[in-house]
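To start, the structure itself, in structure tokens.
Basis for what follows: all heavy atoms, side chains included, without hydrogens, waters or symmetry-related copies.
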Amino acid sequence: ADRDRYYYGMDIMFERHPDIVKRLCCDAPSLVSVLLDGLVWRSRIAENGLRRVNYYIKHLVVDAKGEFSPTIEWVTANNDPKVVCHPVISMVTDLVWSRVAFRSFLFGKTWFIFTLLVFINSQAVMNHVRETFRSGGQPARNALGARTVIFASRAFIYICSMGQRLAYHITWTTVSIRNRDFIPRLGCIPIPAYLGNWRDATGAALTLILFIMLCLEPILHCAGEADADHMFTERCEAGEALLFPYSVFGMTATLTYFLLLADLSVLSTRVSAFVLVCGRVLSEVALFLFGQMFLVLAFACGISALQQESSDFDGIPVSCFSLFKMTLGMFSGTRYDLLDEHPALLCAVFVYIVTTVVFLLNLLVAQLSCSYQATYQDMLGFARLNRGKIVAETMPSVAKSRWERFVARLRLDEPCEFGEGDVGMAGGIQMFEPSSLHVTTVDTIRRFGGSTSVAAQWPAEDLAASDDTDRFDRMEKLLEKAVKRMSGRKGHGNGQNGSSSFGSLHSSAMSHSSANDSVVGGD
């Protein structure tokens, strides 16, 4: 009778409070893990070294309308690396990521990778091929072909990549202005709130750089002077004046493209964790650079005030450059030998090297080690937080039909077994894990005998009879008292008396436990 009908308040709770996860994350974060623990059932019995586990994740995956539940978004917005590592949240995130969000995310990044390759081809590959044709005396048609490829690649970047990004940022900026959604102002300039995300901020910077490159494009400035043999050329008076600043912005744009490519680290949790750790220890590097610049400026001003005639320390700017080279190990050994002619200058350089190379660099290593150890404990949690945010951002682009097929394959409406022939409740996914992973000695299902009719009264618990845990607790207290009495007696004879006392107390505890067992069985 106890296997005929089960009661589990999960459905009623989520129907009454569909945003219970959000409420707990905001008002009682310590109870989130308690709620998630209640969504997991582990069998007390292991079969062939494996334990049956049911994860009741229906309401964490699908909402009442059959759409994607915002649970992952709520949990990741809480920024708690320990909660996202909970087995339930990990399963939901990995399940949605591997079966639904991964393909959509990769498809979106495929376009980005293609635009990056086109950009590299126009800025870092074909320009050298063009110069090879010019210096090698190749036919003009070869040089014209290289210039045509460069022009077509840059036109593609300006229209497709920059145009797409420009439309995206204009749309979101308009939404932020309409909703008055701004982050704390930078001076008197309001910043749209969506730029608080580093990816959007980096994308906006890339859009601005590409727009400046379009304004400085040498091919456009030489278009009025080009003839049929020099079509799409950059070699004109106006174009050559802009080549260097254009190349500087081209280098910056290339580095920004690769910085945005760091999103692909989410494909591997381990790589994502490494990238996140690198980002979190950058503050220590910034502190080191601040201290290094302070010492360089201080010693450069001091050395410039010193009476000396070394060409490597002729003024503050030259002294700063030389001191930086010493820190990086780029100062030539022959230049050090020339310092023998200036003993005071040599002493100042010696103090600088001890302060920066010996002390400051080793302090940086120690800071990085401590910061890494402190971050390493939550490294996996931060990686899962990053993956959860990517999943929440990718799911709106998933087709509805594909989502419905995914939910249908989960079979959340079919009951999950508690054992062979013991059909349980629906709304979960059953898995098997090693029995030693989570040792379970107490069955979390409370079973009652008798009728399972819905009209029958709810079975009342017998408060007079204690469960197994209470009986063992009383036995443990009796044994502790016996041990204390034994330890308080001295001598061999006393030890024997203590043993007999311990035996009598042990027999009393066992008889008391047996009496309780007989009462429970009688009921």
Side-chain angles (χ1 to χ4, degrees), residues 19-40 42 53 55-57 59-61 68-102 105 183 193-194 196-202 259-287 366-395 429 431 433 437-438:
D19 60 341
I20 186 171
V21 176
K22 181 181 180 180
R23 290 188 177 186
L24 291 180
C25 288
C26 297
D27 301 331
S30 59
L31 297 180
V32 177
S33 298
V34 179
L35 171 65
L36 297 177
D37 290 338
L39 300 178
V40 183
R42 288 186 171 88
V53 185
Y55 294 92
Y56 292 94
I57 61 174
H59 299 282
L60 304 183
V61 177
F68 176 64
S69 173
T71 302
I72 295 180
E73 182 180 357
W74 294 336
V75 173
T76 54
N78 192 36
N79 288 326
D80 190 344
K82 292 183 173 58
V83 172
V84 294
C85 289
H86 192 279
V88 174
I89 299 298
S90 298
M91 165 167 280
V92 173
T93 304
D94 293 341
L95 197 64
V96 177
W97 166 256
S98 60
R99 298 191 183 182
V100 183
F102 173 76
F105 173 78
I183 58 178
Y194 81 98
N197 186 347
W198 75 269
R199 287 186 293 270
D200 288 329
T202 307
L259 181 60
L260 289 173
L261 200 62
D263 268 354
L264 291 178
S265 62
V266 75
L267 300 178
S268 172
T269 305
R270 186 173 181 181
V271 176
S272 178
F274 172 76
V275 173
L276 291 173
V277 169
C278 291
R280 290 184 175 272
V281 299
L282 282 179
S283 59
E284 307 297 335
V285 179
L287 290 175
Q367 285 180 317
L368 291 178
S369 299
C370 294
S371 180
Y372 182 83
Q373 289 177 359
T375 309
Y376 179 80
Q377 299 177 357
D378 297 329
M379 181 175 61
L380 182 60
F382 288 121
R384 289 197 170 276
L385 273 175
N386 190 29
R387 173 171 289 186
K389 292 177 182 178
I390 295 294
V391 169
E393 294 173 359
T394 306
M395 286 307 297
I429 295 178
M431 299 185 65
E433 65 180 21
L437 187 60
H438 296 91

Return the [atom1] to [atom2] distance between [X] and [Y], rounded to the nearest 0.5 Å.
X: Leu380; Y: Ser90; atom1: CG; atom2: OG; value: 7.5 Å
X: Arg384; Y: Trp97; atom1: CZ; atom2: CH2; value: 12.0 Å
X: Ile72; Y: Leu385; atom1: CD1; atom2: CG; value: 11.5 Å
X: Leu282; Y: Leu287; atom1: CG; atom2: CG; value: 11.0 Å

Measure across [X] and [Y] and return the closest heavy-atom pair with its distance rounded to 0.1 Å.
X: Ile89; Y: Val75; result: CD1-CG2, 4.0 Å
X: Pro87; Y: Tyr55; result: CB-CE2, 4.0 Å
X: Leu36; Y: Val88; result: O-CG2, 3.6 Å
X: Trp198; Y: Asp263; result: CZ2-OD1, 3.7 Å
X: Ala262; Y: Ser265; result: O-OG, 2.7 Å
X: Val96; Y: Val391; result: CG1-CG1, 3.8 Å

Flag side-chain contact, heavy atom, 4.5 Å: [X] against [Y]:
X: Ile390; Y: Arg199; result: yes
X: Phe105; Y: Leu267; result: yes
X: Asn197; Y: Glu393; result: yes
X: Arg387; Y: Phe382; result: no
X: Ile429; Y: Leu95; result: yes
X: Met91; Y: Met431; result: yes
X: Val84; Y: Thr93; result: no

Could you tabulate the donor-acceptor pairs under 3.5 Å formed by side-chain atoms of residues 27-34, not counting sequence neighbours?
none

Please tabulate, for side-chain N and O atoms in residues 269-281, each donor-acceptor pair with protein atoms closer than 3.5 Å (sequence neighbours left out).
| unit_1 | atom_1 | unit_2 | atom_2 | d |
| --- | --- | --- | --- | --- |
| Ser272 | OG | Asn386 | ND2 | 3.4 |

**Request:** Verify side chain to side chain contact (heavy atoms under 4.5 Å, CB included) between Val285 and Leu368, making sure each step is shown before the conclusion.
**Result:** CA-CA 8 Å; Val285 179; Leu368 291 178; 4.1 Å; yes
**Residues Val53, Val40; criterion side chain to side chain contact (heavy atoms under 4.5 Å, CB included); working and verdict** = CA-CA 7 Å; Val53 185; Val40 183; 3.9 Å; yes
**Partners meeting side chain to side chain donor-acceptor pair (under 3.5 Å) with Ser69 (sequence neighbours left out)** = Thr71
